[in-house]
Amino acid sequence: MLSKILLPHYWQRIGWILFLPSAALAFYAMSAEFEFSWLQIDGVRETGLFESADENLTNEVAIISLFLSLFFIAFSKEKLEDEYIQKIRLDSILFACYGYFLLNVIGALLFYGVDYLSFMMFNMFSIPVLFVLRFRWVMFRQRNSLSLTL
């Protein structure tokens with residue numbers, strides 16, 4: 001029985017188009033503290049004694065666009081969706097969950113304090129990234145093996 005809750009196939013293309021600029025923005029915003037000036041919002045919250053009330057939404061835009069792009073890539077149908085592809089999809093989700101838990105254990109042992117928070121920030125993307133990498137790799141191998149036999 002085929003799943004009806006997957007997005008149509010054209011969302012995959014939209015996801016790939018959105019992925020590269022959002023990944024670059026997320027990396028640049030987190031590593032170089034880049035901020036768009038037009039995303040500056042003044043007076044969002046109450047100020048503390050040494051705090052500014054200004055907020056910039058560049059990080060939020062980068063994270064949300066990166067999550068959306070990965071969601072579109074991961075959960076859109078293939079051109080020909082069948083039960084075998086759904087089995088590969090389920091196996092890839094399980095693989096991604098195993099990888100996520102393993103990375104969490106390794107991160108808990110290796111990182112402390114602010115480094116642990118940074119690790120967790122990057123680790124929140126590990127499930128969709130591991131899923132897409134494994135699913136695309138298996139689909140690539142299957143496509144190559146089928147073309148060799150024909």
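The chain is numbered in sequence order, starting from 1.
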ask   = Side-chain heavy atoms under 4.5 angstrom apart, residues restricted to Ile, Leu, Val, Met, Phe, Trp, Tyr: same cluster for Phe71 and Ile63?
value = yes
remark   = Separation between CD (Glu83) and CZ (Arg89), nearest 0.5 Å, reads 12.5 Å
CG/Leu117: more than 12 non-hydrogen atoms of other groups inside 6.0 Å = yes
ask   = Got a sec: does the OH of Tyr98 have more than 12 other heavy atoms crowding it under 6.0 Å?
value = no
ask   = Which distance, rounded to the nearest 0.5 Å, do you find between the NZ of Lys87 and the OG of Ser92?
value = 9.5 Å
task = Look at the side-chain heavy atoms of Ile, Leu, Val, Met, Phe, Trp and Tyr, link any pair under 4.5 Å apart, and say whether Ile14 and Phe131 land in one connected group.
result = yes
Thr58 side-chain N/O to Phe36 backbone N/O, donor-acceptor pair under 3.5 Å = yes
key: Rounded distance (nearest 0.5 Å) linking atom CD of Gln142 with atom CE of Met139   = 8.0 Å
request  = Tell me whether Ile85 is reachable from Leu90 by hopping between hydrophobic residues (I, L, V, M, F, W, Y) whose side-chain heavy atoms are closer than 4.5 Å.
outcome  = no
note = Heavy-atom nearest pair, Ile127 first then Ala96, reads O-CB, 3.4 Å
key: Geometric class of the Phe19/Trp16 ring pair [parallel <30°, tilted 30-60°, perpendicular >60°]   = perpendicular
query = When rounded to the nearest 0.5 angstrom, what distance separates CZ in Arg136 from CZ in Arg143?
reply = 7.0 Å
ask   = Are Leu70 and Met124 connected, step by step, through hydrophobic side chains (Ile, Leu, Val, Met, Phe, Trp, Tyr) whose heavy atoms are closer than 4.5 Å?
value = yes
request  = Enter the distance from Phe125:CZ to Leu130:CG here, rounded to the nearest 0.5 Å.
outcome  = 13.0 Å
request  = Heavy atoms only: give me the nearest Val132-Ala74 pair and the separation to one decimal.
outcome  = CG2-CB, 4.0 Å
query = Checking Glu81 side chain against Glu78 main chain: does a donor-acceptor pair fall under 3.5 Å?
reply = yes
key: Closest non-hydrogen atom pair between Ser22 and Ser69, with its separation   = OG-OG, 3.7 Å
ask   = Within a reach of under 6.0 Å around CZ of Arg13, are more than 12 heavy atoms found that belong to other residues, nucleotides or ligands?
value = no
Least distance between heavy atoms, Gln12 atom then Ser76 atom = CB-OG, 3.0 Å
request  = Could you tell me how the ring of Phe34 sits relative to the ring of Tyr28: parallel (under 30°), tilted (30 to 60°) or perpendicular (over 60°)?
outcome  = tilted
query = Step by step, would you call Met120 with Asn104 a side chain to side chain contact (heavy atoms under 4.5 Å, CB included)?
reply = CA-CA 8 Å; Met120 291 304 290; Asn104 272 334; 3.7 Å; yes
ask   = What heavy-atom pair brings Phe72 and Trp11 nearest, and what distance separates the two atoms?
value = CB-O, 3.3 Å
inquiry  = Donor-acceptor check, side chain of Ser126 to backbone of Phe122, threshold 3.5 angstrom: yes or no?
reply    = no
message = Could you check whether any side-chain N or O of Arg134 sits under 3.5 Å from a backbone N or O of Ile93, counting only pairs where one atom can act as donor and the other as acceptor?
response = no
message = Going by side-chain contact (heavy atoms from CB on, under 4.5 Å), Tyr100 matches just one of Val105, Val129, Asn123. Which one?
response = Asn123
inquiry  = Membership question, hydrophobic clusters at under 4.5 Å side-chain separation (ILVMFWY): are Ile73 and Phe67 in the same one?
reply    = yes
